[in-house]
Number of protein chains: 2
Amino acid sequence: MAFIADLRKRWANSGSLVCVGLDPEPGKFPAKFASDPDAIFAFCRDIADAAAEYVCCFKPQIAHFAAHGAEDALQRLIAHIHAAHPGIPVILDAKRGDIGSTAQQYAAEAFDRYGADAVTANPYLGKDSVQPFLDRADKGVVILCRTSNPGAGDLQDLLVDGKPLYQRVAEKVAREWNGNGNCALVVGATWPEQLREVREIVGDVPFLVPGVGAQGGDVEAVVKNAKTADGTGLIVSSSRAILYASNGGDYAQAAAAAAKTLRDEINRYR
Amino acid sequence: MAFIADLRKRWANSGSLVCVGLDPEPGKFPAKFASDPDAIFAFCRDIADAAAEYVCCFKPQIAHFAAHGAEDALQRLIAHIHAAHPGIPVILDAKRGDIGSTAQQYAAEAFDRYGADAVTANPYLGKDSVQPFLDRADKGVVILCRTSNPGAGDLQDLLVDGKPLYQRVAEKVAREWNGNGNCALVVGATWPEQLREVREIVGDVPFLVPGVGAQGGDVEAVVKNAKTADGTGLIVSSSRAILYASNGGDYAQAAAAAAKTLRDEINRYR
């Protein structure tokens with residue numbers, strides 16, 4: 001089934017808008033992984049298995065695998081999530097963007113090699129650079145709009161005819177790029193006002209919202225400003241605050257508890 | 001030595017502004033590679049060895065390796081170029097861009113894992129997303145400004161206070177991001193007028209210029225509009241027109257001849 005439909009179904013079935021970001025940092029792993037040559041896979045698998053019931057999506061971040069030459073671990077992790085937790089979409093966080101012929105290679109990387117259900121993409125190169133992703137109608141394309149980092153405004157807030165660039169991106173995605181209905185947008189939790197503005201522009205296009213947890217975004221403001229009329233519309237992503245909730249023997253249970261706590265906090269405001 | 005200094009030295013020693021883009025597409029390889037399990041490495045190595053004397057840089061494009069699970073081939077290819085052709089910098093074309101903590105992982109991927117001398121980066125997330133690359137003062141950071149693809153203008157031409165966004169990016173890089181003197185800019189050959197405008201903004205910051213060859217950029221216009229006062233300043237990149245100049249047994253010689261022809265054409269206008 002298509003990513004957006006799978007996502008809506010999972011929102012309904014799980015009652016959760018939480019996405020766990022799988023950003024492995026071996027230096028932060030519990031001691032038991034110190035001598036495990038497959039630590040990156042094993043750690044992420046344990047977190048995913050423990051937290052699955054509390055999430056609507058998982059989001060592995062590819063740089064955290066690539067920096068360690070752990071592409072094989074990433075591939076097995078996504079396959080494991082699909083096999084062990086059917087119905088939970090996997091968003092590959094790769095923020096790819098290149099000319100069309102190269103974007104086709106990146107689409108093959110994300111969807112064919114890794115089997116991801118959706119991928120994040122950067123809009124700076126324009127529509128034809130995103131087209132090979134958009135053309136995969138069964139897959140999701142999560143386009144950067146207003147990111148969660150401190151320097152997000154350097155370009156994204158520049159005013160184009162009186163409106164910030166990120167709103168122009170939101171307009172383009174909603175009106176020109178979403179012909180297959182498979183787009184979503186990245187809008188950071190650290191900017192609640194911008195979340196509201198983008199929601200007004202794009203209707204019920206799903207938002208991937210990073211920036212709660214370690215980056216300090218306010219859950220109440222996020223949910224109230226950015227939910228859709230049916231109380232969904234959000235993929236609220238937390239990585240470090242869940243993955244590294246404990247570095248003791250209870251790391252998996254602690255991660256699950258952190259995911260559950262975030263789910264419940266979000267649900268108070270839906 | 002630092003990337004920009006190495007580049008200037010190589011420009012002087014080789015008399016060439018040509019960069020060969022290493023974008024392997026196994027379907028276009030000569031027949032002899034059909035049963036070679038290491039075809040991606042072997043083909044790129046042959047091209048690099050044949051064309052080396054005519055180039056200032058090599059630029060492997062990572063998606064063309066990642067789509068085939070050929071990270072190991074990419075790693076060995078860069079090591080081979082460094083060993084067999086010392087003094088020729090390698091630019092890893094990856095167009096990465098993410099929040100700071102993730103950008104550190106991407107910097108580790110490009111510089112530590114692959115040993116690249118420079119990497120291409122996307123500016124949409126702002127300065128802090130590029131900072132982990134900028135901080136590697138011995139490495140080059142080649143930032144997307146005005147790309148060569150048809151949709152480049154979708155965002156890059158939007159007017160910010162009367163100036164297109166790509167010129168704002170050029171200003172930011174020249175004035176705020178280039179403290180370590182290790183920046184370069186991507187400006188496509190398909191937009192000669194924009195090349196001239198960006199050159200006026202950034203002084204002698206090197207340009208990586210894709211878009212000659214298969215994409216149709218005009219060499220004379222590129223060189224006349226974008227060279228620096230000393231007749232350098234350009235890394236003119238061609239991929240498909242060189243790599244696939246012949247798919248017969250003479251593929252490597254044909255690639256070398258195409259690189260030499262491009263070098264000579266460029267040099268007529270320097």
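Here is how names work: the chains are called A, B, and so on, in the same order as the sequence lines, proteins then strands, and each is numbered from 1.
Chain A forms the most heavy-atom pairs under 4.5 Å with one residue out of B:Ser129, B:Gly126, B:Ala110, and that residue is B:Gly126. Counting heavy-atom pairs under 4.5 Å between each of B:Ile62, B:Ile99, B:Thr120 and chain A puts B:Ile99 at the top. For chain B, the option among A:Asp93, A:Asp128, A:Asp112, A:Leu144 with the highest count of heavy-atom pairs below 4.5 Å is A:Asp128. The candidate with the highest count of non-hydrogen atom pairs below 4.5 Å against chain B, out of A:Asp154, A:Leu158, A:Thr147, is A:Asp154. In terms of non-hydrogen atom pairs under 4.5 Å with chain A, the most contact-rich of B:Ala107, B:Gly100, B:Cys145 is B:Cys145. Between chain A and the options B:Val130, B:Asn149, B:Val160, heavy-atom pairs under 4.5 Å are most frequent for B:Asn149. Among A:Ala94, A:Ser148, A:Pro210, A:Pro123, the residue making the largest number of heavy-atom pairs under 4.5 Å with chain B is A:Pro123. The residue among A:Pro150, A:Gly97, A:Gly162, A:Gly153 with the most heavy atom pairs within less than 4.5 Å of chain B is A:Pro150. Each of B:Asp161, B:Asp23, B:Leu165 has some count of heavy-atom pairs under 4.5 Å with chain A, and the biggest count is that of B:Leu165.
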- Task: List the steps, then state whether side-chain contact (heavy atoms from CB on, under 4.5 Å) holds for A:Ser101 with B:Arg240.
- Result: CA-CA 11 Å; A:Ser101 56; B:Arg240 286 167 277 181; 3.7 Å; yes
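The two residues B:Ala66 and A:Arg113 make their nearest non-hydrogen contact at O-NH1, 3.0 Å.
Taken from CG in B:Leu159 to CG in A:Leu159, the straight-line distance is 12.5 Å, to the nearest 0.5 Å.
Contacts between A:Leu125 and chain B at a heavy-atom distance below 4.5 Å involve backbone atoms as well as side-chain atoms. Heavy atoms of B:Phe65 lying under 4.5 Å from chain A are absent altogether. Both the backbone and the side chain of B:Thr102 have a heavy atom closer than 4.5 Å to some heavy atom of chain A. Using a 4.5 Å cut-off between heavy atoms, A:Val169 contacts chain B through its side chain alone, with no backbone atom that close. In this structure, no portion of A:Asp72 lies under 4.5 Å from any heavy atom of chain B.
A heavy-atom distance below 4.5 Å is not found between the side chains of A:His68 and B:Glu109.
With hydrogens and angles ignored, the 3.5 Å screen pairs no side-chain donor or acceptor of A:Asn122 with any backbone N or O of B:Tyr124.
We find that A:Lys95 and B:Asp98 are joined by a salt bridge, their nearest charged nitrogen and carboxylate oxygen being less than 4.0 Å apart.
Just one of A:Lys172, A:Arg168, A:Lys127 meets the side-chain contact (heavy atoms from CB on, under 4.5 Å) condition when paired with B:Leu155; it is A:Lys172.
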